[in-house]
Amino acid sequence: MTYDRSQRRQTEEELRRLGHTHAVLSRCNRSLARALDERALLTAFCANLVEEEGYGFAWVGYAGEGRGALLRLAAHAGQGDAAFAAAVLACANAGDRRSACRVACEVGAPVILRDLSVRSALAPWADTAIGQGYRAMIALPLRADGAAFGNFSIFADTPDVFDPPEVALLAELADDLAFGIQTVRTRDAQAQAVRRLRNDAEREARGHLAATLHDGVGQTMQALNLGLKQARALAEREETVPVALLDQLIDEAGAALRELRAVSCELRPLFLERLSLLDAIRHQCNETAQRTGISIQVSAADCSFTLDDQVKEQCFLAFREALSNAVRHAAASRIDVLLRVRMNDRLILAIGDNGVGFDTHRTGADPAGLGLCMIQERAAAVLGRSCVRSSPSRGTIVRICVPLTKDTILCP
Ligand SMILES: Nc1ncnc2c1ncn2[C@@H]1O[C@H](COP(=O)(O)OP(=O)(O)OP(=O)(O)O)[C@@H](O)[C@H]1O
Ligand SMILES: [Mg+2]
């Protein structure tokens with residue numbers, strides 16, 4: 001009977017602990033998931049430990065390069081605040097002292113000071129901490145790729161609070177925080193790369209536009225100008241202006257007009273506003289087939305959907321780049337374009353050619369071309385995916401998949 005009661009108490013205690021652990025983890029992970037940037041992430045994390053979990057003080061420090069490197073304060077929260085954090089940091093960084101925070105970084109494992117009133121070389125700041133009312137401390141490493149890049153420390157006002165289950169929980173939290181920091185950094189680096197790409201693409205587009213206007217419309221207008229001067233000289237001498245000369249001038253004016261239309265259409269395909277995606281694709285394919293002589297087939301299935309304007313524009317521009325690549329690089333005799341809906345909630349757009357193909361791995365590293373990256377970026381901008389399948393002399397297929405509904409999540 002006694003045995004049963006004590007066993008039940010033990011089970012209840014374990015359940016309570018498990019519940020507590022789960023609650024702490026999910027509260028802290030919520031602050032990780034919501035963070036918009038690294039500073040906000042660290043601040044919310046420390047504040048959560050102090051305000052919700054009742055610890056006295058929490059702080060995060062980043063280590064410099066190399067063994068024994070100094071720590072830099074990244075975020076803190078709790079009683080004593082900035083002055084206490086600065087005092088702990090100054091002590092931790094002073095000379096070659098092996099304080100708990102620096103040792104946790106060096107060895108990549110938690111360092112626990114169960115009772116600060118027991119003197120330890122690992123706690124050169126113990127008097128300051130005790131003065132603030134703290135009695136125990138834990139320093140946990142923040143790890144990525146097998147190495148510690150920082151430290152996450154907590155001060156508590158009761159000795160012995162950092163028992164094995166609490167340490168296990170905090171170690172898990174430290175790993176989650178380290179993962180959150182890495183995720184935010186990767187996301188920021190990706191956003192920066194996308195911004196750079198967009199700037200490069202805009203610069204490239206402006207250069208292309210300037211060259212098209214200069215070499216195309218500019219030359220045609222010059223020829224038109226010369227012809228008009230010639231016609232005027234004839235008229236001045238009251239001679240008849242030959243019909244052939246007038247026809248030539250009309251042709252040149254027509255060509256200039258067509259070139260201008262093509263340039264403005266490239267800048268913003270106005271026809272997209274009045275055509276469905278399928279009709280816009282057909283229109284572009286007809287125009288390209290006529291201009292290049294390449295046979296271009298468009299096939300479509302289940303295309304009775306209505307697309308958001310942004311999705312339509314991004315899909316069309318991605319398709320146009322894939323088509324332009326097939327025309328410019330593939331030396332293809334045939335291009336196939338396929339548009340269809342899959343599983344009722346995603347749109348598949350594929351552009352295939354029977355041309356020379358290329359080594360996709362080689363091109364991935366080639367920073368010169370922007371088109372393939374832009375296809376990927378355009379698909380991602382509308383929460384979709386794109387992939388390119390190609391190999392030398394076996395043609396190329398570009399496949400774009402975008403969600404038709406907000407709830408659709410595409411697997412990578
Ligand atoms: N359909 C294709 N057939 C053969 N090679 C292709 C095809 N699509 C792309 N490539 C190869 O991949 C390279 C990169 O294409 P990408 O569209 O990124 O750049 P680009 O077309 O060279 O330049 P940009 O698109 O910036 O004007 C091309 O230069 C070409 O070598
Ligand atoms: Mg291209």
Side-chain angles (χ1 to χ4, degrees), residues 190 192-217 259 262-269 272 277 280-299 313-339 348-382 384-402 412:
Q190 274 170 349
Q192 218 170 30
V194 165
R195 270 198 299 279
R196 245 195 332 264
L197 243 155
R198 199 170 278 151
N199 288 344
D200 286 355
E202 266 170 26
R203 200 171 318 114
E204 167 124 334
R206 276 200 297 275
H208 174 65
L209 186 63
T212 311
L213 287 175
H214 176 267
D215 303 342
V217 187
E259 280 165 27
V263 169
S264 75
C265 183
E266 192 166 326
L267 282 177
R268 173 146 177 68
L272 262 187
L277 178 62
I281 286 175
R282 284 204 168 113
H283 172 92
Q284 183 76 34
C285 288
N286 286 342
E287 188 273 325
T288 308
Q290 268 176 22
R291 185 166 46 81
T292 61
I294 299 173
S295 155
I296 306 180
Q297 309 296 324
V298 180
S299 58
E313 179 162 346
Q314 296 299 352
C315 283
F316 180 78
L317 294 176
F319 145 80
R320 195 172 68 178
E321 172 59 28
L323 182 68
S324 145
N325 274 353
V327 169
R328 285 168 54 208
H329 307 301
S333 60
R334 181 181 166 122
I335 298 172
D336 285 284
V337 180
L338 169 81
L339 187 70
I348 309 284
L349 180 54
I351 303 97
D353 65 62
N354 66 349
V356 294
F358 66 108
D359 179 352
T360 49
H361 297 106
R362 181 189 55 78
T363 314
D366 179 2
L370 284 172
L372 292 177
C373 295
M374 290 306 291
I375 291 178
Q376 205 165 18
E377 201 204 309
R378 289 189 191 290
V382 290
R385 309 253 184 270
S386 71
C387 68
V388 182
R389 296 234 165 82
S390 186
S391 52
S393 74
R394 304 188 67 171
T396 301
I397 294 186
V398 176
R399 194 166 176 277
I400 298 154
C401 177
V402 297

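Residue indices begin at 1 and follow the sequence shown. As the structure lists them, so they are numbered: ligands from 1, and atoms in each ligand from 1. Computed from a predicted structure; not experimentally measured.
Using a 4.0 Å cut-off to heavy atoms of Asn325, the atoms of ligand 1 that qualify are 8 (N), 9 (C), 15 (O), 16 (P), 17 (O), 21 (O). Below 4.0 Å from some heavy atom of Ala326 lie the following atoms of ligand 1, by number and element: 1 (N). Near Phe358, meaning under 4.0 Å from one of its heavy atoms, ligand 1 places the atoms 4 (C), 5 (N), 6 (C), 7 (C), 8 (N), 9 (C), 10 (N), 11 (C), 12 (O).
With a cut-off of 2.8 Å, the Mg ion (ligand 2) has an N, O or S atom of Asn325 in range.
Separating the NE2 atom in His283 from the OG1 atom in Thr288 is a distance of 9.0 Å, to the nearest 0.5 Å. To the nearest 0.5 angstrom, Glu321 atom CD is 10.0 Å from Cys373 atom SG. Rounding to the nearest 0.5 Å places CD of Gln284 at 6.5 Å from CG of Leu323.
The N, O or S atom of Glu321 lying closest to the Mg ion (ligand 2) is OE2.
When only modelled atom types and interatomic distance are considered, Asn354 and Ser333 share a side-chain donor-acceptor pair under 3.5 Å. Looking at Ser295 and Gln297, their side chains do bring a donor and an acceptor atom within 3.5 Å of each other.
Neither the backbone nor the side chain of Val388 has any atom closer than 4.0 Å to an atom of ligand 1 (non-hydrogen atoms only). Contact annotation for Thr396 and ligand 1: only side-chain heavy atoms (C-beta onward) come within less than 4.0 Å of the ligand.
The shortest N/O to N/O separation between Cys373 and ligand 1 does not fall below 3.5 Å. For ligand 1, the polar-atom distance check against Gly371 finds a nitrogen or oxygen pair separated by under 3.5 Å.
Of all the listed residues (His329, Met374, Arg328, Glu321), His329 holds the heavy atom that lies closest to atom 30 (C) of ligand 1.
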For this session: Report the C-alpha distance between Phe358 and Val388 in whole Å, list the side-chain angles of each, state the deciding distance to 0.1 Å, and finish with yes or no for side chain to side chain contact (heavy atoms under 4.5 Å, CB included).
Result: CA-CA 10 Å; Phe358 66 108; Val388 182; 3.9 Å; yes
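Annotation: Leu338, atom CG; neighbour count of heavy atoms from other residues, nucleotides and ligands within 6.0 Å is above 12.
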